[in-house]
Amino acid sequence: QVQLVESGGGLVQPGGSLSLSCAASGSIFNIYTMAWYRQALGKQRELVASITSFGSTTYADSVKGRFTASRDNAKNMLYLQMSSLKSEDTAVYFCNVKLSRRAFGPQYDYWGQGTQVTVSS
């Protein structure tokens, strides 16, 4: 099986910075796309950032210029560097990974349990 574990969440003041990490482990042959989603209280889950195996990134308009996604393919790690944080960034952040478990096998979609990010003074 495959497990995703997020870490790095916590309380930060507006304008501050925070870094999140996601570690993937288990039966992994190849990881394709890794992504961060978030869900604020009373709102739908939304895509924050995604990154391909080649490092190509996409971001939600609300975080462009403030957040940076990166990955370490050798370690199966995903990161999210968040700067100039706003109260609107408060949410549970989830790691999402699309991967294959064997050579030429189908792609599977996995989710982490989430880590809370609270931006408040």
Side-chain angles (χ1 to χ4, degrees):
Q1 263 294 327
V2 175
Q3 292 185 344
L4 304 180
V5 180
E6 302 99 334
S7 62
L11 176 65
V12 63
Q13 295 182 335
S17 300
L18 199 64
S19 295
L20 306 181
S21 298
C22 171
S25 62
S27 300
I28 302 171
F29 181 78
N30 187 46
I31 296 178
Y32 299 98
T33 302
M34 305 183 80
W36 289 101
Y37 286 76
R38 69 184 181 187
Q39 187 165 21
L41 186 64
K43 300 181 65 177
Q44 296 181 340
R45 184 174 298 185
E46 65 175 347
L47 175 66
V48 177
S50 66
I51 182 168
T52 69
S53 60
F54 295 101
S56 179
T57 56
T58 59
Y59 297 94
D61 289 339
S62 59
V63 307
K64 287 181 179 178
R66 300 188 298 117
F67 291 11
T68 301
S70 60
R71 61 190 285 175
D72 187 330
N73 293 328
K75 297 180 179 180
N76 291 336
M77 294 285 292
L78 172 68
Y79 307 96
L80 184 66
Q81 302 172 53
M82 304 182 291
S83 300
S84 301
L85 284 162
K86 308 173 182 178
S87 60
E88 300 95 300
D89 296 317
T90 296
V92 177
Y93 285 70
F94 297 91
C95 178
N96 171 260
V97 175
K98 291 177 169 58
L99 58 85
S100 62
R101 302 201 295 241
R102 58 181 173 83
F104 306 106
Q107 291 187 33
Y108 290 87
D109 206 344
Y110 288 90
W111 293 86
Q113 293 298 307
T115 183
Q116 177 71 48
V117 173
T118 302
V119 184
S120 177
S121 60

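As the structure is a computational prediction, the values presented were derived from the model and not from experiment.
- A donor-acceptor pair under 3.5 Å links the side-chain atoms of Thr90 to the main chain of Val119, judged by distance alone.
- A distance of 13.0 Å separates CH2 in Trp36 from OG in Ser50, rounded to the nearest 0.5 Å.
- Looking at every heavy atom in both residues, Ala35 comes nearest to Leu47 through CB-CD1, 3.9 Å.
- Crowding of Gln107 atom CD: a count of heavy atoms from other residues, nucleotides or ligands under 6.0 Å exceeding 12.
- Contact between Ser120 and Pro14 at its shortest, heavy atoms only, is C-CD, 3.6 Å.
- In terms of modelled atom types and a separation under 3.5 Å, the side chain of Asn96 and the main chain of Tyr110 share a donor-acceptor contact.
- Note on ring orientation: taking the six-membered ring where Trp is involved, the planes of Phe67 and Tyr93 are tilted (angle from 30° to 60°).
- Expressed to the nearest 0.5 Å, how far OH of Tyr108 lies from CZ of Phe29 amounts to 14.5 Å.
- Closest of all the heavy-atom pairs between Ser53 and Ile31 is CB-O, 3.9 Å.
- Counting only distance, with no hydrogens or angles, the side chain of Glu6 and the backbone of Cys95 share a donor-acceptor pair below 3.5 Å.
- With contacts defined as side-chain heavy-atom distances shorter than 4.5 Å, the pair Met82/Val12 does not qualify.
- Taking OG of Ser21 as the start and CE of Met77 as the end, the distance is 4.5 Å to the nearest 0.5 Å.
- Legend: residues meeting ring-ring contact (aromatic ring centres under 6.0 Å, His included) with Tyr59, ordered by chain and number and at least two apart, are absent.
- Counting heavy atoms from C-beta on, the side chains of Asp89 and Arg38 come closer than 4.5 Å.
- Once rounded to the nearest 0.5 Å, the distance linking CZ of Arg66 with CG of Leu85 reads 6.5 Å.
- Taking all atoms of both residues into account, the shortest heavy-atom contact from Ser17 to Ser84 is OG-N, 4.5 Å.
- A salt bridge links Lys64 with Asp61: at least one charged nitrogen is closer than 4.0 Å to a carboxylate oxygen.
- In this structure, the separation between SG on Cys22 and CE on Met34 is 5.0 Å, given to the nearest 0.5 Å.
- Sorted pairs that involve residues 23-92 and meet disulfide (SG to SG under 2.5 Å), not counting sequence neighbours, are lacking altogether.
- The environment of Gln113 atom CD is sparse: at most 12 non-hydrogen atoms of other residues, nucleotides or ligands sit within 6.0 angstrom.
- For the atom pair Lys98 NZ and Tyr32 OH, the distance stands at 12.5 Å (nearest 0.5 Å).
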Audit row: Val97, Leu78, side-chain contact (heavy atoms from CB on, under 4.5 Å) steps and yes/no: CA-CA 9 Å; Val97 175; Leu78 172 68; 5.6 Å; no

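- The shortest side-chain heavy-atom distance between Tyr79 and Asp72 falls under the 4.5 Å cut-off.
- By the rule that hydrophobic residues join a cluster once side-chain heavy atoms approach within less than 4.5 Å of another member, Val2 and Tyr37 end up as members of separate clusters.
- By the criterion of side-chain heavy atoms lying less than 4.5 angstrom apart, applied directly or through intervening Ile, Leu, Val, Met, Phe, Trp or Tyr residues, Val63 is grouped together with Val117 in one hydrophobic cluster.
- With hydrogens and angles ignored, the 3.5 Å screen pairs no side-chain donor or acceptor of Arg101 with any backbone N or O of Ser27.
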